[in-house]
Amino acid sequence: MLLNSTRGFLWSDVETRTLLKIWGEHDIQRALDGNFRNSHVYRDVARRLAEMGFERTPEQCRVRIKSLKRQFVLAKEGNLRDNGQHHKICKFYDAMERILSSRSRIDPQELLDSGVVGDETMDGTEEDEEDTDPAQHHYLESTGECSYPETQVKLEYPPIPIPVPVGHGTTVRQTGNNQSVTGQPSSRTTRPKKRHASLPLDSVMERFLEQSAEAEQSFYQMEEQRLHSEERRRETEHARELHMLQVLGQMFSSITTRNPVAMAATNAAMPFAQNTGESAAAQPGVPTTTVGHVKRPCRPGHVPVRSPQSLAEWPGYHSQQQSNAGQESLVIDRSFSIGSAARRGMDDITPLVKNIVPLLQSKKHKGQDGRIGIIGGCQEYTGAPYFAAISALKVGADLSHVFCTKDAATVIKSYSPELIVHPVLDSPNAVEEIEKWLPRLHSLVVGPGLGRDEMLLKNTKALIEKSKSRDIPIVIDADGLWLVAQQPSVIQGYKKGILTPNFMEFTRLYEAMHHEPLDTSDHQRSAMELSVAMGNLTIVLKGEEDLITDGNKVVLCRQEGSGRRCGGQGDLLSGALGVLAHWAYTSSANISVNPSVVAAFGACSLTRQCNRQAFHKLGRATTTSDMIQEISSAFKKLFES
Ligand SMILES: NC(=O)C1=CN([C@@H]2O[C@H](COP(=O)(O)OP(=O)(O)OC[C@H]3O[C@@H](n4cnc5c(N)ncnc54)[C@H](OP(=O)(O)O)[C@@H]3O)[C@@H](O)[C@H]2O)[C@@H](O)CC1
Ligand SMILES: Nc1ncnc2c1ncn2[C@@H]1O[C@H](COP(=O)(O)OP(=O)(O)OP(=O)(O)O)[C@@H](O)[C@H]1O
């Protein structure tokens with residue numbers, strides 16, 4: 001959460017101090033020292049500042065530092081420290097001095113940039129010490145100083161006449177070179193006007209302040225323009241998102257009604273939608289197996305397998321049959337491919353994911369954005385439940401509970417104080433103990449690090465049954481899928497059930513359901529078949545591209561990841577999915593797509609983006625813990641920008 005809204009240009013004291021702390025860090029100073037190309041360093045400064053809760057662009061940080069340096073140099077060169085006035089011109093003098101003194105010298109280029117050196121040749125203009133210097137006010141405003149805007153810089157100089165309009169009790173005197181100089185009221189002109197050794201500095205400063213005020217004014221004008229155009233761009237994007245949502249809505253409602261005309265219209269409206277379904281003609285006499293509205297030939301030697309759910313009961317099944325009457329074509333429902341291509345346009349469902357992300361509001365109380373339960377964690381596997389639970393928290397859940405075996409609990413707790421760990425899964429009354437918590441949970445993730453112990457699987461099965469009656473999303477992964485492969489009925493037909501198999505787990509599930517070997521030539525079809533066989537559960541088949549289906553539609557997530565496949569990435573995904581599924585099902589946003597599919601797409605995109613970012617930094621050494629570190633920025637990038 002941002003500590004401070006920093007859309008405006010004013011820098012608060014706390015923000016400036018944080019900036020100085022970061023800028024003063026050893027590695028930053030080292031990177032800046034003698035290095036004229038410093039944009040990458042300020043990018044790092046801005047990033048660290050954002051981590052502390054302040055959002056500023058690298059350019060804003062650079063300009064702010066530059067301005068602070070100018071103030072520092074002025075105060076230092078004016079020897080203002082001796083008379084204690086240094087804080088008036090440079091509020092952060094001490095901090096600046098500490099930082100800069102640890103550098104061998106101030107980068108001359110930076111001083112040139114700041115305009116100090118260039119101003120040294122200016123001659124002085126006399127000025128009264130009591131006058132308010134408009135240039136100085138201007139400067140203070142334009143540099144974004146909000147902490148002491150009323151402060152006038154008072155230097156220990158003798159009083160010097162300043163220009164004021166003629167009349168009003170003022171006198172005008174001529175300088176030697178015939179320049180008209182306006183004097184003070186006569187009562188004051190009698191004061192001795194001693195020239196002081198530091199007078200040139202005064203006028204240098206005035207000129208300098210004027211120039212820097214102008215320079216910074218123009219910088220801020222440009223920044224303002226940039227923000228405006230960014231705002232406009234966001235609005236356009238938002239309008240496009242809305243349009244796409246409408247189109248998606250039309251598409252899904254046309255699919256539900258199986259109105260071929262509407263389908264055609266929607267197809268026309270969705271240029272990115274690809275009909276990737278097969279349309280090969282069935283061979284007369286070859287038996288077909290029907291999955292949903294999909295008819296396909298049986299593989300030789302296989303008896304057609306029917307989905308456990310009567311397909312004739314499916315909405316739209318008859319109309320699809322009728323619309324295909326007389327045709328022997330095999331139609332697998334239209335699927336559309338989405339993913340990183342989305343970077344080019346709106347051809348993915350990322351906007352729908354954005355829509356389900358709840359706002360962070362101060363009126364909310366702890367727990368409202370999600371209390372997630374993880375069932376898993378045994379002696380062998382303590383990492384997996386930890387990865388899932390901490391990922392759920394980092395995505396935005398408020399509380400993350402892990403229900404694991406006794407010997408795993410202490411270990412998991414030691415990984416993170418953030419998690420609530422219950423050492424109950426292998427206790428004699430495990431189900432009763434955990435059941436007490438179910439009313440408080442918004443979603444359940446079953447399986448990471450569960451193991452395959454008979455008793456643990458039995459307890460888990462009972463807990464799934466009890467959670468179904470609470471109507472919460474249930475994500476099943478890893479050993480939870482082993483359980484499902486043994487006893488599919490435990491989750492079959494539960495619409496808020498989401499299975500997240502890797503290829504091995506998928507094969508196991510498919511073959512358990514269909515009693516025939518998996519045809520590896522067509523993952524989309526197989527995944528749809530499995531979904532249908534499970535009663536339209538959402539299946540997330542993870543792999544080079546993640547394939548998400550609820551039996552009606554296939555959505556592909558091709559968010560760029562990396563080639564690094566360390567263990568635990570699936571746990572990150574399942575934990576994230578637990579939260580997103582809760583958000584999707586409770587969102588007030590009008591989503592025309594199956595909430596489980598939207599949540600799954602979000603979790604897949606996020607996991608892959610984390611993988612990509614971590615790999616970018618660490619390459620081969622990337623681990624799941626490193627990916628978890630990336631959740632914050634990956635989430636922001638995908639769903640909050
Ligand atoms: N730090 C921890 O605590 C972690 C704990 N974890 C926990 O470990 C538990 C067991 O989970 P698991 O996935 O390792 O076991 P299992 O289902 O027997 O599969 C292993 C076999 O499947 C294969 N295989 C795998 N993926 C494949 C693919 N995409 N495509 C094809 N084949 C693939 C692979 O085959 P192989 O490479 O040997 O040929 C291997 O033989 C579970 O509770 C989980 O949560 C993990 O989350 C990691 C982090
Ligand atoms: N070949 C691949 N290319 C890119 N991303 C992949 C690839 N295979 C898997 N992933 C991504 O890695 C994540 C986890 O998938 P993975 O297949 O590793 O799960 P898993 O085996 O269940 O993990 P775990 O080690 O936690 O048990 C998914 O988001 C998936 O998109």
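Remember, it's 1-based here, ligands and their atoms both numbered in the order they're listed. Excluded from the calculations below are hydrogen atoms, water molecules and symmetry mates; all remaining heavy atoms, backbone and side chain alike, are included.
In this structure, atom 16 (P) of ligand 1 has a protein heavy-atom contact shorter than 4.0 Å. For atom 1 (N) of ligand 1, the nearest protein heavy atom is under 4.0 Å away.
Atoms of ligand 1 lying under 4.0 Å from any heavy atom of Asp479, numbered from 1 in the order shown and given with element: 9 (C), 42 (C), 43 (O).
Nearest to atom 24 (N) of ligand 1 among the protein's heavy atoms is Met504 CB, 3.7 Å. Closest to atom 46 (C) of ligand 1 among all protein heavy atoms lies Asp571 OD2, 3.8 Å. Among all protein heavy atoms, the one lying closest to atom 25 (C) of ligand 1 is Asn502 ND2, 3.8 Å. For atom 5 (C) of ligand 1, the closest heavy atom belonging to the protein is Ala384 CB, 3.5 Å.
Residues Gln487 and Lys461 bring a donor and an acceptor atom of their side chains to less than 3.5 Å of each other.
Between Tyr585 and His442, the gap from one ring centroid to the other reaches at least 6.0 Å.
Gln629 meets the side chain to side chain donor-acceptor pair (under 3.5 Å) test with no other residue; sequence neighbours excluded.
Applying the side chain to side chain donor-acceptor pair (under 3.5 Å) test to pairs two or more places apart or on separate chains, those with a residue in residues 389-404 are His401-His422.
Ligand 1 is approached by Arg452 to a heavy-atom distance shorter than 4.0 Å. Under a 4.0 Å heavy-atom criterion, Gly543 is not in contact with ligand 1.
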